S.K.: 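First, the structure itself, so that you have it in front of you.
Just so we're clear, the structure is a prediction, and the values are computed from it rather than from any experiment. Only heavy atoms go into these numbers, but all of them, side chains included; no hydrogens, no water, no symmetry mates. Letters go in sequence order (proteins before strands), and every chain restarts at 1.
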There are 2 protein chains.
Amino acid sequence: MSDSYDGQAGHFRVLVEHFSAFVSLSILETKLLAELAEAPRYHPPYRDLYVAGTAPPPSRMIVAGWACQYRLLPDGHRQIVSLKLPGDLVWPLLPVRLPSSCAVAALTELETVSALPLVEASVAADPAHPGLAHAVRVMAHLHDMLLYDQIVRLGRQTACGRFAHLMLELRERLSRVGLVDGDSFAMPLTQDVLADVLGFSVVHVNRTVQQLRRDGLLEIRNGTVTLSKPDDLQELAGWMPPSGGPAGPRPPKRPGRKD
Amino acid sequence: MSDSYDGQAGHFRVLVEHFSAFVSLSILETKLLAELAEAPRYHPPYRDLYVAGTAPPPSRMIVAGWACQYRLLPDGHRQIVSLKLPGDLVWPLLPVRLPSSCAVAALTELETVSALPLVEASVAADPAHPGLAHAVRVMAHLHDMLLYDQIVRLGRQTACGRFAHLMLELRERLSRVGLVDGDSFAMPLTQDVLADVLGFSVVHVNRTVQQLRRDGLLEIRNGTVTLSKPDDLQELAGWMPPSGGPAGPRPPKRPGRKD
DNA sequence: CGCGGTGTTGACAACAGTCAATTACTGTGG
DNA sequence: CCACAGTAATTGACTGTTGTCAACACCGCG
């Protein structure tokens, strides 16, 4: 596993850190997370965790490794809809069972724990676990925000902007579970996978990385990303701080619309 | 208003048809919808209905007209994240109040009714309105599916494929509320708006429409779309029937973007 | 040492954005 | 009835971006 792997203690740490990023947990709630962390399940890399329509969606939370939610097109192309990081729910939707053409696959060796008690506490607004219940709702909401980000990246950003924006998103999300060290973090993705996330060809992913490297904006070595000039990257990516509002005063009016 | 406008009776019809597409309604539930339809609110075209962070998100359902959920970029570009049609919730997320950089704007003259009782019934799993409660959850789920579709369109489809896919999605959604007549439906969108949905420039939208027209696949006149060859469009768009599974046997794996 | 997966590069062609101009289409007022 | 203005649609010329193809380099592994 990646450097985040240090057994069940590490799994517990991921859970606590992720939830604490949104709410403060009671002793009781912390205890529940500890219990969940005691029964991790292993998933081999590159294998599907779930294919929509084949079974009820799994209520599991990732505690180590990366996964992705993707769709295959009739022409054989793949589009990755979202990346799943430690602390994320494997299947982010509330337990409505509906067919859909999405699947979830492990991108690395993966470990998950049951999130059933968490999801149930959330839909029932369980008063015994108010923090967990709320946090799960916030996470579902956040997942939708990430989809919006993904749509904006694919629809309206330049190659470098797309890449930069994704790296900033990953740093943001990984920092919530304590997997960012300064301006560096581990990113176990091949350029092939990045292409399917960003809607590029592999070659163009490579070109884009070279460009960003040449400009001294970031460095990628040995599966570790270093954001050398985070501020310039934010500028390039049109990054908006996760808390909402625009990053700064918006330039008057471009070739664009409204005003 | 568009041809869908025939007053409160029409609003009631839209609500009933949309819900009936997912569940069967009890008398009590039908009555609730009728009450809601009695108090429509009017929104002028091109005006924002909601800007994230400014207030709690509105629990309203569209009964006539079209709207869109969009984001503005620092460079002035706009990306429309999703289109909102009659029967859709203006703000599709469960009532977790979180800042986000999305806004919702009317694209035409618009009428909405309160959806607060519906959303509340859904989160509380109100036993008095089981159908409504479930249908709202399904709609939220469907909204996520639409986001996945949008991501796949933007990430992996050709210009014509994107356009065709969007038209098929619109037909699908409009048919649930009885706004499709054979292979035609009203689409009150300028090419400018379509560009912001599809991630194109206006000029390229036009080129794409011309192409599809030349190929005899569809026709657009007076704000009315006619899908002349629905089957060919589905082929072109890599369309998967809304119920899930792939449209047909997947060719092994084509390296090419298309033939 | 060969092998498969991954990263890298260059050449070329197809695709898509920008600019700029022209053509409908509408509703207005004369 | 027509002139007019304003919006939307359309077209052509040109440029920049991105995909495809085809090598080659690098690396861990058997």
S.K.: Tell me which nucleotide among D:dT18, C:dT6, D:dC21 gets nearest to the side chain of A:Val203.
M.R.: D:dC21
S.K.: Ignoring backbone atoms, establish whether A:Gln191 has a side-chain N or O less than 4.0 Å from OP1 or OP2 of C:dT8.
M.R.: yes
S.K.: Which whole-number value in Å describes the distance from A:Leu194 CG to D:dG19 P?
M.R.: 14 Å
S.K.: With sequence neighbours excluded, give me every salt bridge (Lys or Arg N to Asp or Glu O under 4.0 Å) pair touching residues 193-206 of chain A.
M.R.: A:Arg78-A:Asp196, A:Asp196-B:Arg156
S.K.: Counting only heavy atoms and a strict 4.0 angstrom limit, can you tell me which residues of residues 204-212 of chain A come near DNA chain D?
M.R.: A:His204, A:Arg207
S.K.: What pairs with B:Ala106 under side-chain contact (heavy atoms from CB on, under 4.5 Å), at least two apart in sequence or on another chain?
M.R.: B:Leu110
S.K.: For A:Asp183, enumerate each residue passing the salt bridge (charged side-chain N to carboxylate O under 4.0 Å, His left out) test, keeping only those at least two apart in sequence or located in another chain.
M.R.: A:Arg171
S.K.: Base, sugar-phosphate or nothing for B:Arg213? Non-hydrogen atoms, less than 4.0 Å.
M.R.: sugar-phosphate
S.K.: Residues in salt bridge (charged side-chain N to carboxylate O under 4.0 Å, His left out) with A:Arg60, at least two apart?
M.R.: none
S.K.: Only pairs under 3.5 Å count here: list side-chain donor-acceptor contacts from residues 215-225 of chain B, not counting sequence neighbours, and write none if there are none.
M.R.:
unit_1	atom_1	unit_2	atom_2	d
B:Asp215	OD2	B:Gln211	NE2	3.2
B:Glu219	OE2	B:Arg213	NH1	3.4

S.K.: Give the nucleotide from the list D:dG19, C:dC19, C:dG17 with an atom nearest to the side chain of A:Ser201.
M.R.: D:dG19
S.K.: How long is the line joining CG of B:Asp196 and P of C:dG17, in whole Å?
M.R.: 11 Å
S.K.: Once you round it to whole Å, what is the distance between P of C:dG7 and CG of A:Asn222?
M.R.: 11 Å
S.K.: Any ring pair (Phe, Tyr, Trp, His ring centres under 6.0 Å) involving residues 160-216 of chain A? Give me the pairs, sequence neighbours left out, ordered by first then second residue.
M.R.: A:His165-A:Trp239, A:Phe200-A:His204
S.K.: Report the distance from atom CG of A:Asp192 to atom P of C:dT6, rounded to the nearest whole Å.
M.R.: 7 Å
S.K.: Between A:Arg214 (CZ) and C:dT8 (P), how many Å, whole number?
M.R.: 12 Å
S.K.: Do any N or O atoms of the protein come closer than 3.5 Å to N or O atoms of nucleotides 23-30 of chain D, and which pairs are they?
M.R.:
none

S.K.: Give a yes or no on whether the backbone of B:Tyr50 and the side-chain of B:Asp48 come within a donor-acceptor separation of less than 3.5 Å.
M.R.: no
S.K.: Under the rule for side-chain contact (heavy atoms from CB on, under 4.5 Å), what residues qualify as partners of A:Thr190, not counting sequence neighbours?
M.R.: A:Asp192, A:Val193
S.K.: Just by distance, do the side chain of A:Arg41 and the backbone of A:Thr112 share a donor-acceptor pair under 3.5 Å?
M.R.: no
S.K.: Nearest whole Å is fine: how far is D:dT18 P from A:Arg153 CZ?
M.R.: 15 Å
S.K.: When you measure from the side chain of A:Tyr46, which nucleotide among C:dT18, D:dT20, C:dT6 comes out closest?
M.R.: C:dT6
